[in-house]
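Input: a single structure, listed below in structure tokens.
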Amino acid sequence: MTCRTPAVWALVGAAAWIAALAGCAADGDQIVLRLAETHPRDYPTTDANYEFARLVHERSEGRIRIEVYHSSQLGEERGVIEQVLFGALDMTRVSVSPLASFVPELDALQMPFLYDGPDHMWEVLRSDVGREMLDTLEQADFVGLNYYDSGARSFYNTRREIRHPDDMAGMQIRVQESRLMMDLVQALGAVPTPMPFGEVYSALQTGVIDGAENNWPSYFSTSHYEVAPYFSLNEHSRVPEVTIMSRLAMDRLSEEDRQLIREAAWDAMDYQIERWNAFEAEAEQRIRGARVTVTEREDVDVDAFRQRVQPLYDRLPENQRSIVERIRAMAGPPAEGP
Ligand code: GTR
């Protein structure tokens, strides 16, 4: 929790950190919370962060202000998660993937081919399972506030179309800083290379890696499609986004303010989903209009992908297996064959 801008922090240094850690009652008792976001200003998660900030400001009648630092101004995802853990930063919006390095149970929410589609995923996230998974974050001194949509992730690369896992054999594929994502790429026969998001464009351009994986909006907004023009709609996973808060920052608030923040974050979800759906459609349209070879879903041997990643399910620890079973039980009936 801070009462000043980052530039001032730089000047006042250590004394200011101590003041921050002790809680801040200056500046007319205004509470300022800093939130880090990796995406640029016009991305759906960033829009939702601003909506969350707006709701908090409005409902606290201006007493609580959330400052959003987008475009990785405060660092890449793993680094900002660590800052939240130590209380140097109040909040961040991140993908479940890097967060699961701190709270392994979260892997149960990002298993490959887990959800039937967005409706199934949202039913899970809004259910007791979703709430319980946010609660598990408390083990690591995080407070889980909400989830956002992140569509489906698919592989893209600089070399060729991927229809079958064999097409990516030996390719160096960038993954998020996540054990599960590394295991997934390895199970498919490629070579996983964990790397911060902001380094991927130049790594693709210089040939340090052959490919990466992400959803339409991230593939578009990072311009990765310019340097890796083969996008295969294999849709191997849906990885929810999460907003987390530092336990230290939360503990300094009154019970009433804690509740206000939790509710505002939860209420910002619908707005994000709306923005997500619109931006996802726009990103797809823009990419299809660019020089990109899109391998359609029906041209991908999805069963071959599913079979290759089955060992990840076979070696799930018991606590995650039971969550996965609850998630699968919420899926709709299997689709009728032709
Ligand atoms: C995006 C996600 C980011 C980041 C990124 C990545 O889909 O929204 O938070 O995790 O993927 O691949 O690093």
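Both ligands and their constituent atoms are indexed starting at 1 by order of listing. This one's a predicted model, so the numbers in the text were calculated from it and none came from an experiment.
Classified by interplanar angle (parallel below 30°, tilted 30° to 60°, perpendicular above 60°), the ring pair Tyr156/Tyr219 is tilted.
A cation-pi contact, defined as under 6.0 Å to the ring centre and within 45° of the axis, links Arg41 to Tyr50.
Summarising the local packing, CD of Glu256 is surrounded by 12 or fewer heavy atoms from other residues, nucleotides or ligands at distances under 6.0 Å.
Between the side chains of Tyr201 and Glu226, at least one donor-acceptor pair of N or O atoms lies under 3.5 Å.
Considering only residues two or more places apart in sequence or on other chains, Ser237 meets the side chain to side chain contact (heavy atoms under 4.5 Å, CB included) condition with Arg153, Met181, Val239.
When all heavy atoms of Gly62 and Gln30 are compared, the pair lying nearest together is O-NE2, 2.8 Å.
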Tabulation required: pairs of a nitrogen or oxygen in ligand 1 and a protein nitrogen or oxygen under 3.5 Å; columns are atom names and distance to 0.1 Å; otherwise 'none'.
from: ligand 1; atom 1: 7 (O); to: Arg153; atom 2: NH1; distance (Å): 3.4
from: ligand 1; atom 1: 7 (O); to: Asn214; atom 2: OD1; distance (Å): 2.7
from: ligand 1; atom 1: 7 (O); to: Asn215; atom 2: ND2; distance (Å): 3.2
from: ligand 1; atom 1: 7 (O); to: Ser218; atom 2: OG; distance (Å): 3.3
from: ligand 1; atom 1: 8 (O); to: His39; atom 2: NE2; distance (Å): 2.7
from: ligand 1; atom 1: 8 (O); to: Glu241; atom 2: OE1; distance (Å): 3.4
from: ligand 1; atom 1: 8 (O); to: Glu241; atom 2: OE2; distance (Å): 2.6
from: ligand 1; atom 1: 9 (O); to: Glu77; atom 2: OE2; distance (Å): 2.4
from: ligand 1; atom 1: 9 (O); to: Arg93; atom 2: NH1; distance (Å): 3.0
from: ligand 1; atom 1: 9 (O); to: Arg93; atom 2: NH2; distance (Å): 3.2
from: ligand 1; atom 1: 10 (O); to: Glu77; atom 2: OE1; distance (Å): 2.7
from: ligand 1; atom 1: 10 (O); to: Gln176; atom 2: NE2; distance (Å): 2.9
from: ligand 1; atom 1: 11 (O); to: Arg153; atom 2: NH1; distance (Å): 3.3
from: ligand 1; atom 1: 11 (O); to: Asn214; atom 2: ND2; distance (Å): 3.1
from: ligand 1; atom 1: 12 (O); to: Arg153; atom 2: NH2; distance (Å): 2.9
from: ligand 1; atom 1: 12 (O); to: Arg174; atom 2: NH1; distance (Å): 2.7
from: ligand 1; atom 1: 12 (O); to: Asn214; atom 2: ND2; distance (Å): 3.1
from: ligand 1; atom 1: 13 (O); to: Arg174; atom 2: NH1; distance (Å): 3.3
from: ligand 1; atom 1: 13 (O); to: Arg174; atom 2: NH2; distance (Å): 2.9

